[in-house]
Colleague: 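The structure's right below; bear with me while I get my questions together.
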Number of protein chains: 2
Amino acid sequence: MISKPGRGGQHPTMDHVAAAAGVSRATVSRVINNAASVAPAIRETVQRAIASTGYVPNVAARSLVTRRSDSVALVISEPDRPDDHSFLNRIFTDPYFGRVTAGATGALRPHDVHLVVMPAEPSDHHQVVRYLRQGHVDGVLLISSNEHDPLPAQVHALGIPVVLSSRPPGPLPVSYVDVDQVAGAELAAARLLSLGRRRLATINGPLDIPAGSQRLDGFRSYLRDRGVDGVPAVTGDFTRAGGEAAARVLLAADPAIDALFVASDLMAEGALRAVQDHGRRVPEDIAVVGFDDSSVALECRPPLTTVRQPVEEMAAEMAALLMAHIENPSRSPRSVIFQPSLVIRDSA
Amino acid sequence: MISKPGRGGQHPTMDHVAAAAGVSRATVSRVINNAASVAPAIRETVQRAIASTGYVPNVAARSLVTRRSDSVALVISEPDRPDDHSFLNRIFTDPYFGRVTAGATGALRPHDVHLVVMPAEPSDHHQVVRYLRQGHVDGVLLISSNEHDPLPAQVHALGIPVVLSSRPPGPLPVSYVDVDQVAGAELAAARLLSLGRRRLATINGPLDIPAGSQRLDGFRSYLRDRGVDGVPAVTGDFTRAGGEAAARVLLAADPAIDALFVASDLMAEGALRAVQDHGRRVPEDIAVVGFDDSSVALECRPPLTTVRQPVEEMAAEMAALLMAHIENPSRSPRSVIFQPSLVIRDSA
DNA sequence: CTGAAAGCGCTTACAG
DNA sequence: CTGAAAGCGCTTACAG
């Protein structure tokens with residue numbers, strides 16, 4: 001007894017089907033893989049045999065020879081935080097990552113490729129790399145925003161197809177998808193200016209991640225070019241609580257600000273609260289523009305005017321690029337940059 | 001320096017390691033799988049050979065003989081909705097499913113088992129079943145709340161180990177994890193009564209799912225036993241918008257209600273808005289109790305008093321049960337019921 | 001404690 | 001268009 005029979009009885013193998021159809025195993029394989037060269041009559045016989053035996057291919061055996069697993073990893077590489085009670089919880093309840101997962105899943109489905117979602121704190125990197133090396137997946141979608149994250153380079157060194165969610169830190173010949181961060185910040189600045197606001201402030205994301213620094217730079221330099229200088233900025237951590245705290249700091253320093261650009265909707269939701277707790281109305285006293293157009297923008301009171309980032313589409317594009325690289329490993333890396341747009345609601 | 005296996009380059013196999021270590025392939029296999037019977041000196045030699053060759057086992061080959069994939073599916077079976085612009089989006093940004101995913105991922109990690117997350121609308125059932133039959137995974141965690149969902153029975157019929165997130169509809173010999181829904185509703189009712197409220201109302205979940213009907217029944221019968229009858233109820237769909245709409249209906253019917261039990265925090269957040277839009281204060285005019293203790297409970301204004309359901313722990317327990325069933329397929333199915341608790345914050 | 005050998009269930013050149 | 005045969009890279013009874 002080499003191995004115990006499969007749960008629920010023996011599964012039929014390709015040999016059973018071949019016997020039932022009176023053909024060779026090779027022919028059954030060709031029918032299953034839609035090889036062109038099977039005679040219609042035989043194809044039909046085989047299909048009937050497949051149906052009658054209830055045959056389902058064994059994926060391990062197939063993978064062993066094709067060297068394809070038909071699955072792909074979505075690695076979400078995020079720094080851990082001192083106050084992180086639960087890293088996994090933060091990742092899996094974050095609306096941004098949720099949208100990414102939804103977009104990637106949807107795009108992969110027509111390819112019959114499945115997604116293994118792997119949140120990765122720095123301490124998990126080793127495990128992730130080992131997993132990828134073992135050939136569990138055909139490629140990886142790597143969500144990494146931190147400039148100093150070593151994972152993109154490590155994954156690339158594995159020689160496994162990979163697509164990043166933003167420009168790689170340093171010269172890595174790897175495909176990536178991004179949104180034009182600067183253009184997005186400019187859209188926000190222009191809106192606030194057009195509303196006649198001149199006492200602007202901003203809550204930016206962490207400066208060691210491009211989405212943080214580029215949105216800040218874009219916002220400030222657009223304003224500077226139009227004569228608005230010295231715009232105060234406080235750094236938040238892309239969480240609701242971080243946005244709320246940052247807004248308090250800003251309000252304490254200058255209670256008279258009349259406009260606020262917040263680098264994410266989640267932070268904007270927190271900021272809205274701080275502003276309102278401070279007794280100021282939105283948008284009458286302070287106009288607020290967020291970034292992302294995630295579902296929280298609609299849940300805010302008032303509904304948030306925000307810079308829309310088509311996250312699901314971007315994730316779908318990442319998946320499409322990855323599939324192309326898997327299909328053709330010598331394909332040149334390329335980047336796809338999405339243009340953001342302004343969604344005007346009630347907050348500005 | 002280990003030579004990296006370039007694109008198209010050969011990964012070393014077990015034979016390479018065996019040759020490098022001067023032993024047989026079988027011995028290398030034993031070292032890798034921690035078989036007890038390897039002499040320490042040989043074990044060490046083999047380990048050095050593994051390191052120097054950069055060998056990593058091929059998982060497909062291993063799976064083919066062990067019949068284990070070391071991954072598990074998390075199937076989230078949900079009805080689609082007429083107004084569902086994006087099913088995937090709804091699933092992946094739902095805080096409840098996020099907590100489930102986090103809990104399961106964390107519990108599986110020590111087993112070195114990975115999670116394939118599969119949202120499944122009714123139209124996807126066929127695909128899901130096929131995926132499971134192909135042996136991609138060793139077992140399935142099935143999140144299904146709808147009483148008429150055929151998937152639990154279908155998956156069970158596959159003979160693959162499965163653990164459900166609630167009592168199966170009908171007599172299915174399958175393990176499941178649940179929270180004591182009735183006890184939770186009673187906790188809410190008792191709290192509201194203890195606050196002196198007598199004009200109570202409730203927003204319940206869909207009645208064709210146990211979490212919907214049991215919370216409603218538990219709430220009403222607890223009150224009835226204490227002389228409070230005819231409590232109005234409106235059904236919501238467990239979304240924020242659904243809760244808001246339901247609260248409006250309730251308020252229109254009886255503007256004088258002084259307490260509200262809402263069957264999920266997400267719906268409670270919506271209800272809070274409707275109540276406040278209606279010019280009524282929480283908790284002064286209307287006390288509100290939610291259900292779940294998800295992160296949104298803390299984000300509400302005021303922070304929500306709610307019935308805590310330890311979702312992450314429950315998901316971890318599901319994972320533990322599943323691993324046990326995989327390890328020992330003849331293990332008897334069992335159910336594990338968690339007791340809810342009341343978390344008192346500001347809304348009641 | 002270790003090795004030779006069989007076998008897991010497929011796919012795919014290679015002939016015919 | 002079809003089949004016989006080799007081979008993918010492992011694990012594991014079986015002998016020694």
Side-chain angles (χ1 to χ4, degrees), chain A residues 1-7 9-47 49-50 53-70 112 130 133-136 138, chain B residues 5 8-47 49-50 53-70 130 133-136 138:
Chain A
M1 187 174 57
I2 289 193
S3 63
K4 131 177 95 53
R7 57 234 166 187
Q10 284 292 7
H11 285 231
T13 72
M14 206 169 246
D15 281 320
H16 295 123
V17 178
V23 299
S24 76
R25 197 163 68 208
T27 297
V28 177
S29 176
R30 290 188 187 106
V31 169
I32 286 170
N33 295 298
N34 279 312
S37 69
V38 183
I42 298 217
R43 177 182 298 274
E44 187 132 317
T45 309
V46 170
Q47 255 143 6
I50 290 172
T53 52
Y55 170 71
V56 172
N58 176 307
V59 289
R62 170 182 289 168
S63 287
L64 180 55
V65 15
T66 61
R67 293 165 178 291
R68 285 281 285 269
S69 68
D70 290 320
D112 245 302
R130 197 178 44 133
R133 289 196 64 195
Q134 290 181 325
H136 281 105
D138 301 329
Chain B
Q10 287 299 353
H11 285 247
T13 71
M14 206 170 246
D15 281 320
H16 296 125
V17 178
V23 299
S24 75
R25 198 162 70 210
T27 297
V28 176
S29 175
R30 290 188 187 106
V31 169
I32 285 169
N33 295 298
N34 280 312
S37 69
V38 182
I42 298 217
R43 178 181 299 273
E44 188 132 317
T45 308
V46 170
Q47 255 143 7
I50 290 172
T53 53
Y55 171 71
V56 171
N58 176 308
V59 290
R62 170 182 290 169
S63 288
L64 180 55
V65 16
T66 61
R67 292 162 178 292
R68 285 280 286 267
S69 68
D70 290 321
R130 196 179 44 133
R133 290 195 62 196
Q134 289 181 325
H136 281 106
D138 300 329

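A, B, ... follow the sequence lines: proteins, then strands. Residue 1 opens every chain. Just so it is clear, the structure is predicted and the values come from calculations on it, not from any experiment.
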Colleague: By the 4.0 Å heavy-atom rule, please label B:Ala39 as base, sugar-phosphate, or nothing.
Modeller: sugar-phosphate
Colleague: For the pair made of CG in A:Leu64 and P in C:dT11, what is the distance, rounded to whole Å?
Modeller: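 Roughly 11 Å, once rounded to whole Å.
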Colleague: Of A:Asn58 and B:Ser24, whose nearest nucleotide on DNA chain C comes first from the 5' end?
Modeller: B:Ser24
Colleague: Heavy-atom distance under 4.5 Å between the side chains of A:Ile42 and A:Thr27, does that happen here?
Modeller: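 Answer yes - side chains close enough.
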Colleague: Enter the distance from B:His136:NE2 to A:Asp70:CG here, rounded to the nearest 0.5 Å.
Modeller: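 Result: 6.5 Å between the selected atoms.
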Colleague: Between atom OG of A:Ser63 and atom CG of B:Leu64, what is the distance when rounded to the nearest 0.5 Å?
Modeller: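 Separation between the atoms: 10.0 Å.
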Colleague: Measuring from B:Asn58:CG to A:Arg67:CZ, what's the distance to the nearest 0.5 Å?
Modeller: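 The CG atom of B:Asn58 sits 6.5 Å away from the CZ atom of A:Arg67.
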Colleague: If you pin A:Thr27 and B:Asp15 to their nearest nucleotides in DNA chain D, which one's is more 5'?
Modeller: A:Thr27
Colleague: Look at all strands and tell whether B:Val23 reaches a base, only sugar-phosphate, or nothing, counting heavy atoms closer than 4.0 Å.
Modeller: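 The residue B:Val23 makes sugar-phosphate contact but no base contact.
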Colleague: For the CD1 atom of A:Ile32 and the CE atom of A:Met14, what is their distance to the nearest 0.5 Å?
Modeller: 4.0 Å
Colleague: Determine the contact category for A:Val59: base if any of its heavy atoms lies under 4.0 Å from a base atom, sugar-phosphate if only primed atoms, P, OP1 or OP2 are that close, otherwise nothing.
Modeller: nothing
Colleague: Considering just the side-chain nitrogens and oxygens of B:Arg25, establish if one lies under 4.0 Å of OP1 or OP2 belonging to C:dA5.
Modeller: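 No, no such contact exists.
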Colleague: In whole Å, I'd like the distance from the CD atom of A:Gln134 to the P atom of D:dC10.
Modeller: 11 Å
Colleague: Out of D:dC10, C:dC8, C:dT11, which nucleotide sits closest to the side chain of A:Thr66?
Modeller: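 For the A:Thr66 side chain, the nearest candidate turns out to be C:dT11.
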Colleague: Is the phosphate of D:dC8, meaning OP1 or OP2, less than 4.0 Å from a side-chain N or O of A:Arg62?
Modeller: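 So the side-chain polar atoms of A:Arg62 never come under 4.0 Å of the phosphate oxygens OP1 or OP2 of D:dC8.
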Colleague: Distance between the P atoms of D:dC14 and D:dC10, in whole angstroms?
Modeller: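 Roughly 24 Å separates the two P atoms.
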Colleague: Check whether any side-chain heavy atom of B:Val31 sits under 4.5 Å from a side-chain heavy atom of B:Gln47, and report yes or no.
Modeller: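 The answer is yes; the side chains approach within 4.5 Å.
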Colleague: Hey, does the side chain of A:Ser29 come within less than 4.0 Å of C:dT11's phosphate (OP1/OP2), counting only N and O?
Modeller: yes
Colleague: When rounded to the nearest Å, what value does the distance between P atoms of C:dA13 and C:dG9 take?
Modeller: 23 Å
Colleague: Rounding to an integer number of Å, can you tell me how far B:Arg68 CZ sits from C:dC8 P?
Modeller: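 So the CZ-P distance, B:Arg68 to C:dC8, works out to 20 Å.
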Colleague: Looking only at N and O atoms, is any donor in the side chain of B:Arg30 or the base of C:dG3 less than 3.5 Å from an acceptor on the other one?
Modeller: yes
Colleague: Using whole Å, report how far CZ of B:Arg67 lies from P of D:dT12.
Modeller: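 Answer to the nearest Å: 12 Å.
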Colleague: Rounded to the nearest angstrom, tell me the gap between atom CG in B:Asn34 and atom P in D:dT11.
Modeller: 12 Å
Colleague: Who does C:dC14 pair with, Watson-Crick or G-U, both distances under 3.5 Å?
Modeller: D:dG3
Colleague: How many Å lie between NE2 on A:His16 and C1' on C:dC10, as a whole number?
Modeller: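 Atom-to-atom, A:His16 to C:dC10, this comes out as 14 Å.
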Colleague: Figure out the CD1/P separation between A:Ile32 and C:dT12, and round it to whole Å.
Modeller: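 In whole Å, C:dT12 P lies 12 Å from A:Ile32 CD1.
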Colleague: Which listed nucleotide (D:dT2, D:dC8, D:dT11) is nearest to the side chain of B:Asn33?
Modeller: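 Ranking D:dT2, D:dC8, D:dT11 by closest atom to the B:Asn33 side chain puts D:dT11 first.
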